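Whatever order the structure lists ligands and atoms in, that order sets their numbers, starting from 1. Keep in mind it's a predicted model, so treat the numbers as computed, not measured.
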Amino acid sequence: MKTIGVIGAGTMGTGVAHSFALQKYNVILVDISKEILNQAKKNINRAMRFYKYIEKTEIKEPQEVTMGRIQFTEDYQSLADCDLIIENVTENWHVKKEVYKKIDQICKEECIFGVNTSAISITKVGALTHRPDRVIGMHFMNPVPLKKMVEVIKGYHTSQETIITIRELMGDIDKECIVVNDSPGFITNRAMMIFINEAICSLHEQVATAEEIDTLFKTCFGHKMGPLETADLIGIDTILYSLETLYKSYNDPKYRPNILLKKMVDANLLGMKNGKGFYNYV
Ligand code: NAI
């Protein structure tokens, strides 16, 4: 694989583009506007400097050389010759659906589609395309350049060949993977979304403050981050959309999103990505 198409230049897409460029892959990063792409470029540059500073990634070349491997564009046609697309658009079924219909027409037949989603069924995404055997879940962890593990999800029709190719590729960019069968939320988010939602319920019922809730998780259970800090890192909108998908998919009230999440999204309190969530980042 030489050229990787990355769709969506938000929290995850920028991290995915960054990780591949570091390992000398050419990346075409697509989003819907120049403003978003300019911001993405700034974010990747800043992340590269920061990770180098904290010595978490070795950049053995000038940063502009690594950055030079990433092409920033709004043009989907430029994805035509990619060997792999990793899609990281907003966690919304309607948005993702339009993207897959489009790339299925544009991309060459052998191109694999990697779906980065928190809760959406990979089988359902595969069914939107004429290549369900080459559609696979690639649930990267945030922040992507620092997190080693990728939860790889086998859709109903995902072929063994596709799984082997993705396993090898992940090894090549210094990541490990665990392959799981398709199920909304997979393994990680099926459990994590519940404890984040329960922490939000406790905050909403004024059982404790955000700081107290997070401190309890960190000190009692040794978590690096508390559930509300994690929600801010992931994005409050992504948490809400994921819980809504899980609620619908399993038809189970245990996934019903707390009303506070809805209010925060309506109030544009989206967490770290726009500066304010349960905590303030500006
Ligand atoms: P985000 O909200 O930070 O970024 C989404 C990006 O998609 C935005 O830049 C938006 O402009 C772009 N976009 C929307 N429609 C588009 C279209 N039609 N074509 C191209 N770009 C489009 O979201 P984030 O957090 O990066 O999430 C992306 C995906 O990764 C979601 O499915 C999410 O569930 C999943 N994910 C998120 C994690 C997290 O910690 N934030 C962790 C693992 C997976």
Strictly by modelled atom types, are [X] and [Y] linked by a side-chain donor-acceptor pair under 3.5 Å?
X	Y	value
Arg134	Ser159	no
Glu212	Thr209	yes
Thr238	Glu91	no

With sequence neighbours excluded, residues passing side chain to side chain contact (heavy atoms under 4.5 Å, CB included) with Ser33: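 Ser33: side chain to side chain contact (heavy atoms under 4.5 Å, CB included) contacts with Glu35, Ile36.
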Those residues that, when tested against Asn88, pass side-chain hydrogen bond (donor to acceptor under 3.5 Å, both in side chains) (two or more places apart):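 Here the qualifying residues are Asn116.
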Residues in side-chain hydrogen bond (donor to acceptor under 3.5 Å, both in side chains) contact with Asp133, at least two apart in sequence or another chain: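 Applying side-chain hydrogen bond (donor to acceptor under 3.5 Å, both in side chains) to Asp133 gives none.
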Residues in the immediate environment of ligand 1 (any heavy atom closer than 4.0 angstrom):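 Contacting ligand 1 under 4.0 Å are Ile7, Gly8, Ala9, Gly10, Thr11, Met12, Asp31, Ile32, Ile36, Tyr76, Asn88, Val89, Thr90, Glu91, Val95, Lys96, Val99, Asn116, Thr117, Ser118, His139, Phe140, Asn142, Ile234, Thr238, Lys273.
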